[in-house]
Amino acid sequence: MSDFSSLGLSDWLIKQCKQLGINKPTPVQENCMPAILEGRDCMGCAKTGSGKTAAFVLPVLQKLSGDPYGIFCLVLTPTRELAYQIAEQFRVLGKPLGLRDCIVVGGMDMVSQALELSNQPHVVVATPGRLADHIRSSNTFSMRKIQFLILDEADRLLEQGCTDFTKDLEVILGVLPTKRQTLLFSATLTDTLQDLKRLAMNKPFFWESTSETRTVEELDQRYILTPEKVKDAYLVHLIQTFTDEHDDWSIIIFTNTCKSCQILTMMLRQFDFPTISLHSMMKQKQRFANLSMFKASVYKILIATDIAARGLDIPTVQVVINHNTPGLPKTYIHRVGRTARAGRNGVSITLVTQYDIHLVHAIEEQSQTKMKEFAVEEKEVLKILTQVNVTKRECEIRLESTDFDEKKEINKRKQMILEGKDPDMEAKRKAELEKIRSQKRKFKERIQKNIEGQKRGELKRKFKSKNIKKKTKQGTD
Ligand SMILES: Nc1ncnc2c1ncn2[C@@H]1O[C@H](COP(=O)(O)OP(=O)(O)OP(=O)(O)O)[C@@H](O)[C@H]1O
C-alpha cells in the first residue's frame with residue numbers, strides 16, 4: 001500500500017492528517033486521489049466508513065493551496081447535518097491555509113448565509129434546495145470560477161426519491177462553469193452511471209472497491225423475527241440488555257416516520273433510557289443540538305428517521321437497530337453503515353415482522369450478505385410485553401393531544417408554497433384524483449362482480465344440464 005506522499009500530497013497536509021490519526025491512505029483514497037490531483041473527473045464507490053470524505057477533501061485542499069481564491073469548491077450533500085460534518089473536515093484539514101468555508105443549508109438564517117457567500121469563501125458546502133434559493137434570489141456572489149463540484153452521496157442527490165433534488169440541481173449547474181472537475185462519491189453509486197451525461201463529466205476515472213459484499217466485514221448483521229405487536233417489547237429488551245452490558249456504547253435506532261420516531265423517543269424515556277431524537281419535523285437548531293449531545297454521549301440512544309441514514313460519522317456507535325425493515329436495500333446499507341466504521345466492529349439488528357420477510361431477501365441479495373438470527377430470551381420479552389404496549393399507547397395518546405399532526409400538515413403546506421404550488425389547489429387536485437381513482441376502483445369491482453356472476457351462472461347452467469342428462473340417462477337405463 002502506498003503512503004500519502006507517494007500519492008502526491010504535500011507535507012503540510014500529511015502533517016494535518018497525522019493529527020487526525022489518518023496515517024495511511026484507505027483504498028478509496030489511494031485510488032481516487034491521484035486521478036483527482038491529475039485533474040480528472042472522478043467517481044468513487046466504496047463501502048460506508050471507508051474514508052471517502054478525505055478522498056476528495058485532501059486533493060481539493062492541495063489544489064487550493066496552489067491557487068487560493070473563492071469560491072473554489074462547491075460540495076453538495078443531501079442532508080444538513082452531513083453538510084456541517086463535511087465542512088468541519090475541510091476546516092480541520094485546511095487550518096494551515098486559513099481556509100474559509102460557508103455552510104448553506106435549509107432551516108438556518110438566509111441573510112447571514114447570503115452575507116457569507118458574498119465574502120467569497122474558499123469552499124461552500126450546501127444542500128441543493130437552499131443553495132438554489134440563494135442563486136434564484138441574489139446576485140451578490142458568483143460561482144463562475146469554481147474548480148471543483150463535488151456530489152457527496154451522489155446517488156441520493158441524483159435519484160428522484162421523496163425529496164427530489166433534480167430542479168435545484170439544474171439551477172445550480174446552470175451557474176457553474178463547464179470547465180471544472182466533477183467528483184461523485186457514495187457507498188451505493190453503481191445505479192447512477194446513467195446520470196453522468198447530465199453532469200457533463202469528462203471521461204471520469206471510476207473506482208469501485210472490489211469486494212463481494214456491499215457491507216463491511218466488521219459488521220455483525222442480525223435479525224429478530226417478531227410479530228408486529230411484540231416488536232416494541234423486543235426493542236426495550238434489546239436496549240436494556242445492551243445498556244446493562246456496556247457503558248461506552250451508543251445506539252442508533254432507525255424508524256420510518258417522524259411520528260414513530262417521536263413516540264418511540266417518548267416511550268424509551270418513560271423507561272429511563274437516555275434517548276434523543278432526530279427527524280425532519282424538528283426545528284433545525286434542535287436537530288443540531290440533539291446530534292451534538294448524542295455525539296458527546298450525553299445521550300446514548302438516538303432515534304432517527306432516514307435523515308440520519310447517510311454519511312454521519314460517529315465512532316461511538318456500536319449498535320444500529322432497524323425498528324422497521326427498510327423497503328430499499330440501499331437504505332439498509334447506509335443505515336447499518338453508521339456503525340463498524342473505519343475498521344471498528346459493530347452490530348446491526350433488524351426487527352423483521354411477518355410482512356417484511358421479502359424485504360430481507362431483497363436486502364440480502366443486494367448486499368451479498370446473510371443476516372443471522374439474534375438470539376433473545378423470548379420469556380424475558382413476554383414478561384415486559386404488557387407494560388411496553390401500555391406505555392406506548394399512553395405516549396401515542398399524549399402525542400395526539402399535541403399539535404404534532406397539525407404541524408406536519410403546516411410543514412407540508414409550507415413546502416408546497418416554497419415549491420411554488422398553491423396548497424389549497426393541490427388539496428383540491430388530490431381530492432379530485434382520489435375521486436376518479438375511487439370511481440375507477442368501483443367500476444372495476446362492478447365488472448369483476450359481473451364476470452364472477454356470469455361465471456357462476458354458467459357453472460350452474462352446466463351443473464343443471466349435467467344433472468338433467470344424468471337423470472334422463474338413469475331414466476332410460
Ligand atoms: N486513511 C485513514 N486512516 C484512518 N482513518 C481514516 C482515514 N481516512 C478517513 N478516516 C476516518 O474514517 C472515518 C470514516 O470516514 P468517512 O466519514 O469519510 O467515511 P465515508 O466513506 O464517507 O462513509 P459513508 O459512506 O458512511 O459516508 C472518519 O472518522 C475519518 O476521519
Side-chain angles (χ1 to χ4, degrees), residues 1-7 9 13-34 36 42-61 75-95 125 150-157 183-190 192 207-209 211 213-216 218-219 250 252 254 291 295 304 306-318 320 329-346 348 367:
M1 189 191 270
S2 36
D3 56 20
F4 281 119
S5 72
S6 70
L7 299 181
L9 219 57
L13 261 176
I14 297 174
K15 202 170 141 203
Q16 282 309 101
C17 285
K18 280 209 172 113
Q19 284 183 6
L20 288 181
I22 298 178
N23 299 315
K24 278 209 165 302
T26 61
V28 64
Q29 294 162 359
E30 187 180 354
N31 286 280
C32 293
M33 277 170 47
I36 301 172
C42 174
M43 293 177 70
C45 182
K47 291 180 187 180
T48 51
S50 61
K52 293 186 287 295
T53 319
F56 62 77
V57 170
L58 291 169
V60 168
L61 289 175
V75 185
L76 295 175
T77 180
T79 68
R80 302 164 182 180
E81 285 74 14
L82 203 46
Y84 275 76
Q85 189 179 291
I86 294 168
E88 192 181 35
Q89 281 245 18
F90 267 108
R91 212 171 300 151
V92 176
L93 289 167
K95 185 127 205 301
V125 187
I150 299 160
L151 268 61
D152 192 32
E153 307 297 343
D155 54 326
R156 178 66 197 89
L157 289 170
L183 318 178
L184 268 60
F185 282 91
S186 178
T188 47
L189 202 55
T190 15
T192 318
W207 189 79
E208 187 172 13
S209 56
S211 166
T213 60
R214 294 180 80 186
T215 47
V216 297
E218 293 82 359
L219 177 68
S250 294
I252 298 187
F254 283 104
L291 190 60
K295 279 185 174 171
D306 283 322
I307 57 169
R310 283 182 179 248
L312 292 183
D313 182 51
I314 307 165
T316 50
V317 176
Q318 296 266 9
V320 168
K330 224 188 214 193
T331 309
Y332 173 88
I333 291 170
H334 287 280
R335 277 185 180 187
V336 296
R338 294 319 98 213
T339 185
R341 298 176 68 74
R344 292 182 197 88
N345 291 320
S348 70
S367 63

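Whatever order the structure lists them in is the order used to number ligands and atoms, beginning at 1. The residues of the chain are indexed from 1 along the displayed sequence.
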Practice item. Name all residues meeting the side-chain hydrogen bond (donor to acceptor under 3.5 Å, both in side chains) criterion together with Thr331; count only those two or more places apart in sequence or in a different chain, and write none if there are none. Key: none

**Study point:** Which residues share a salt bridge (Lys or Arg N to Asp or Glu O under 4.0 Å) with Arg91, sequence neighbours left out
**Key:** Asp101

Check your understanding: Nearest to atom 4 (C) of ligand 1, what protein heavy atom do you find, and at what distance?
Key -> Gly21 O, 3.8 Å

Review point. Who's the nearest protein heavy-atom neighbour of atom 8 (N) of ligand 1, and how far?
Key: Gln29 NE2, 2.8 Å

Exercise for review: Just go through Lys52, Gln89, Lys47 and tell me whose heavy atom is the nearest to atom 20 (P) of ligand 1.
Suggested key: Lys52

Practice item. Spell out, as yes or no, whether a donor-acceptor pair under 3.5 Å connects the side chain of Arg338 to the backbone of Ile314. Key: no

Practice item. List every atom of ligand 1 that sits less than 4.0 Å from any heavy atom of Ser50, numbering the atoms from 1 in the order shown and giving each element. Key: 19 (O), 20 (P), 21 (O)

Practice item. Could you tell me whether the side chain of Gln89 and the main chain of Thr53 form a donor-acceptor pair under 3.5 Å? Key: no

Check your understanding: Salt bridge check: are Asp155 and Arg310 linked by an N-O gap of less than 4.0 Å?
Key -> yes

Practice item. Kindly confirm or rule out an N or O of Gly49 lying under 3.5 angstrom from an N or O of ligand 1. Key: yes

Review point. Does ligand 1 have any atom sitting under 4.0 Å from a heavy atom of Ala46?
Key: no

Check your understanding: Between Thr77 and Ala83, is there a donor-acceptor pair closer than 3.5 Å when you use the side chain of the first and the backbone of the second?
Key -> no

Review point. Looking at Arg341, which atoms of ligand 1 are within less than 4.0 Å of one of its heavy atoms?
Key: 14 (C), 16 (P), 17 (O), 19 (O), 20 (P), 23 (O), 24 (P), 26 (O)

Check your understanding: Could you state the interatomic distance from CG (Asn31) to CD (Glu208), rounded to the nearest 0.5 Å?
Key -> 12.0 Å

Review point. Taking Lys295 for the side chain and Asp313 for the main chain, is one N or O donor matched with an acceptor at less than 3.5 Å?
Key: no

Check your understanding: Short question: side chain of Gln29, backbone of Thr26 - any donor-acceptor pair under 3.5 Å?
Key -> yes

Review point. Hey, does Arg338 come in under 3.5 Å of ligand 1, counting only N/O atoms on both sides?
Key: yes

Check your understanding: Would you call Glu153 a ligand 1 contact, heavy-atom distance under 4.0 Å?
Key -> yes

Review point. Can an N or O of Ile22 be found at a distance shorter than 3.5 Å from an N or O of ligand 1?
Key: no

Exercise for review: Enumerate the atoms of ligand 1 whose separation from the nearest heavy atom of Lys24 is less than 4.0 angstrom.
Suggested key: 1 (N), 2 (C), 3 (N)

Point to revise | Where ligand 1 meets Ala342 - atom numbers and elements under 4.0 angstrom, heavy-atom basis | key: 12 (O), 13 (C)

**Study point:** Numbered atoms of ligand 1 (with element) below 4.0 Å of Thr53, judged on heavy atoms
**Key:** 16 (P), 17 (O), 18 (O), 22 (O)

Exercise for review: Have a look at Ile314, Asp313, Leu20, Asp152 and point out the one with the heavy atom closest to atom 13 (C) of ligand 1.
Suggested key: Asp313

